[in-house]
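Order of the sequence lines sets the chain letters (A, B, ...), proteins ahead of strands, with each chain counted from 1.
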Number of protein chains: 2
Amino acid sequence: MKKNATVYTVAERAGVSIATVSRTLAGSPKVASLTRQRVLQVVDELNYVPHPAARRLAHQRTDTIALVFPDISGPYYSSVIRGVEQATGVHDYNVLIYGTRDKARSDQFLRGLTSKIDGLIFLARSIEEDYLAWLQKQDIPFVLIGPSAPLAPSDSVSVDNLHGAYQAARHLLWHGHRRIAIITGPSNSPDCRQRLDGYKRALREAGLSLPPEWIITGNFQYEGGRTAMVQLCQQDSPPTAVLAANDEMAMGAISAARQYRLRLPEDMAIIGFDDIQVAGMIDPPLTTVLQPMQRLGEKAVELLFQRIRTQGAPWQNEILPTHLVVRRSCGCLTNQGLSQKSRVSALTPFSR
Amino acid sequence: MKKNATVYTVAERAGVSIATVSRTLAGSPKVASLTRQRVLQVVDELNYVPHPAARRLAHQRTDTIALVFPDISGPYYSSVIRGVEQATGVHDYNVLIYGTRDKARSDQFLRGLTSKIDGLIFLARSIEEDYLAWLQKQDIPFVLIGPSAPLAPSDSVSVDNLHGAYQAARHLLWHGHRRIAIITGPSNSPDCRQRLDGYKRALREAGLSLPPEWIITGNFQYEGGRTAMVQLCQQDSPPTAVLAANDEMAMGAISAARQYRLRLPEDMAIIGFDDIQVAGMIDPPLTTVLQPMQRLGEKAVELLFQRIRTQGAPWQNEILPTHLVVRRSCGCLTNQGLSQKSRVSALTPFSR
DNA sequence: CTGAAAGCGCTAACAC
DNA sequence: GTGTTAGCGCTTTCAG
């Protein structure tokens, strides 16, 4: 393997000093345009690219950020990753990715990270708050994707969970539903708490009571959605509509509802959250609250760069809008016009 | 921000030279165990971690690999990423990720990459063959995830597409189908060609002819699957079963078939490929050929490390097994026992 | 076994 | 404008 060109090679060949080469490449204004041209030409001839490690060592920065994501990576994380990658690429930065895996590692791991990267992006709550505090003490810039941690305020970018869920619930109310349940995610998810709040607000505003048995805690997964819907269906007076805190659970709910021989959306309307890629591909096409995943990644990068540039600034907590994507599982766009009446029909599960 | 500890700090405090510190950390056998202990203790006290850039500069290696993936990243890529990340983590390597984006960039981009990484993993055919050749000339190790490129032989890890498709087709034959179509991916996908071959072989072995109108070229996307199925249904004598080259197209096909009022799987059996996460969550649950995504990523890392370690070795082209995941869209597990007869029923589309 | 010293390739004061 | 030079933090001969 032929050794790569270095500043020295280039300098020599261009008949200048290495400083001039470095200056030229840095775009310094104080280089005679003739010299510049000569250098640039040699650079091109030799296909010279500055050695990143050397540059980093001298510069004391890495031009690299890390993206750390939790182990349970749902289908939509890839959109966020893509957003991050794209946005950093524009700035000529690199992205290192890390899964959190075993906690054991992350302590050691984070320490080692320090001089590997200029900043971090955490996906969801992929990290304990203590670490966040530690990072702040080290002056290592980071931004959270998700609601910011109460104990360790920082930059963050999240979506308008409250409004999204509120709108979804309102939509169900608009369809005439009065018995609306919700399947939430794990109670330690801050996103979920906000979604729950949105749901509650909508129902309260409509003057409806919220029987506790209509608030079921799920786990963000398909099976959890199934189980939750089964619980709902077995109640004495089951709901006629349910809001799920993510699309996977909504899909699970759909599947369970089918087993109870419920017609969707006539007997049971369902709205999800996220708008994952397959949401529109299932039957019935899922009405859901869209989160701008890719945008989330891009925005996180933006905030991170601002923070890297100017450490002192006040924290920014960006909230990206969500909006309802209306498909058929809510009762809209139904061809057969019987949706309005059938909702009141009996809900006795078939299998009991 | 307190400056981080360096070899010098540690050396001084431990009363040894920097060389000894370096040796200790490198695990060199020729360090008196007493000295070693002293050094290690100081290292611990100071929370010392060698500066990666400095180490890289001295070492001339980066302990980093890059994963480059194409722009059209389907839902399953995240599993591959996870596999890669996990496997590299074990070796204490880092993973940089890059999307290919605009071709324009990738030329410049690849050159710059050289000293950033020790090796590359390419997802699918995310890169032109010329670049692969160029990389080989530079002695930059890389492995392909997907069938190896004919013009630039290299390490690769792919799945047994042929056998997977073959098995799927056989399964359909076993169900009694004789009129089996296939929706392939873009013709430039080597994976797809192999799948097509598997399908053809199974049908030939069964003594069936292959009318060209039953081989439809799709685009790996949902809409492509829809379009293809519509084409199929509009034929004079439509197939009774179809094989799709990936799950998204299978889902599109299902949706289109429904519009033609076909009952699934009774009137139309469908088998997909990939086994993406949602395959089991749709209606009917999709029978499909499983690709071990995560394993694919892990294996790629394994091959890459071998290559990095010993450059001279012959190319390895690993092929991971696929297998049929039987759910309901093929006609299995159907509760109502009428599947065998209804298949011959008329296929006149409802909407014509 | 241990230390001194020469790089690794680049940047940025500092002179001229 | 341009060159000289001193680091950046670590690894690795080469002596001892």
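A distance-only check finds a donor-acceptor pair linking the side chain of A:Thr62 to the backbone of A:Asp118 [under 3.5 Å]. At distances below 3.5 Å, at least one donor-acceptor pair connects side-chain atoms of B:Thr88 with backbone N or O atoms of B:Val84. Side chain of B:Gln136 to backbone of B:Pro153: a donor-acceptor contact under 3.5 angstrom is found. A donor-acceptor pair under 3.5 Å is formed between the side chain of A:Arg307 and the backbone N or O of A:Gln311. Of the possible donor and acceptor atoms, one in the side chain of B:Asn317 sits under 3.5 Å from a partner among the backbone N and O of B:Ser154. Remark: side-chain polar atoms of A:Arg36 are not paired, donor with acceptor, to backbone N or O of A:Arg23 under 3.5 angstrom.
Protein atom NZ of A:Lys30 is 12 Å distant from nucleotide atom C1' of D:dG3, rounded to whole Å. Per the geometry, CD belonging to A:Gln37 stands 14 Å off P belonging to D:dG1, to the nearest Å. If you take CZ of A:Arg56 and P of D:dC10, they are 16 Å apart, rounded to a whole angstrom. We find that CZ of A:Arg61 is positioned 15 Å from P of D:dG9, with the value rounded to whole Å. The CG atom of B:Asn4 sits 9 Å away from the P atom of D:dG9 (whole-angstrom rounding).
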Detail all sub-3.5 Å separations between protein N/O atoms and N/O atoms belonging to nucleotides 11-13 of chain C.
unit_1, atom_1, unit_2, atom_2, d
C:dT11, OP1, A:Arg55, NE, 3.2
C:dT11, OP1, A:Arg55, NH2, 3.2
C:dT11, OP2, A:Ser22, OG, 2.7

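Distances shorter than 4.0 Å separate some side-chain N or O of B:Ser17 from OP1 or OP2 on C:dG3. Applying the 4.0 Å criterion to OP1 and OP2 of C:dG7, one finds that B:Gln60 has every side-chain N and O outside that range.
Place B:Thr20 and B:Ala53 on DNA chain D by their nearest nucleotides, and B:Ala53 ends up nearer the 5' end.
Here D:dG9 is the nucleotide among C:dC1, D:dG9, D:dT2 with the atom lying nearest to any side-chain atom of A:Leu57.
Within the 4.5 Å cutoff, no side-chain heavy atoms of A:Val301 are placed close to those of A:Val95.
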(request) List the steps and the verdict of side-chain contact (heavy atoms from CB on, under 4.5 Å) for B:Glu298 and B:Glu302. (result) CA-CA 6 Å; B:Glu298 293 168 0; B:Glu302 213 172 288; 5.6 Å; no
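Comparing the start and finish of the helix from C:dC1-D:dG16 to C:dC16-D:dG1, five pairs each, the helix axis swings through 40°, to the nearest 10 degrees.
Judged by distance alone, the side chains of B:Asp155 and B:Gln316 never bring a donor and an acceptor atom under 3.5 Å apart.
Using a 4.0 Å heavy-atom criterion, one finds that B:Thr35 contacts the sugar-phosphate atoms exclusively.
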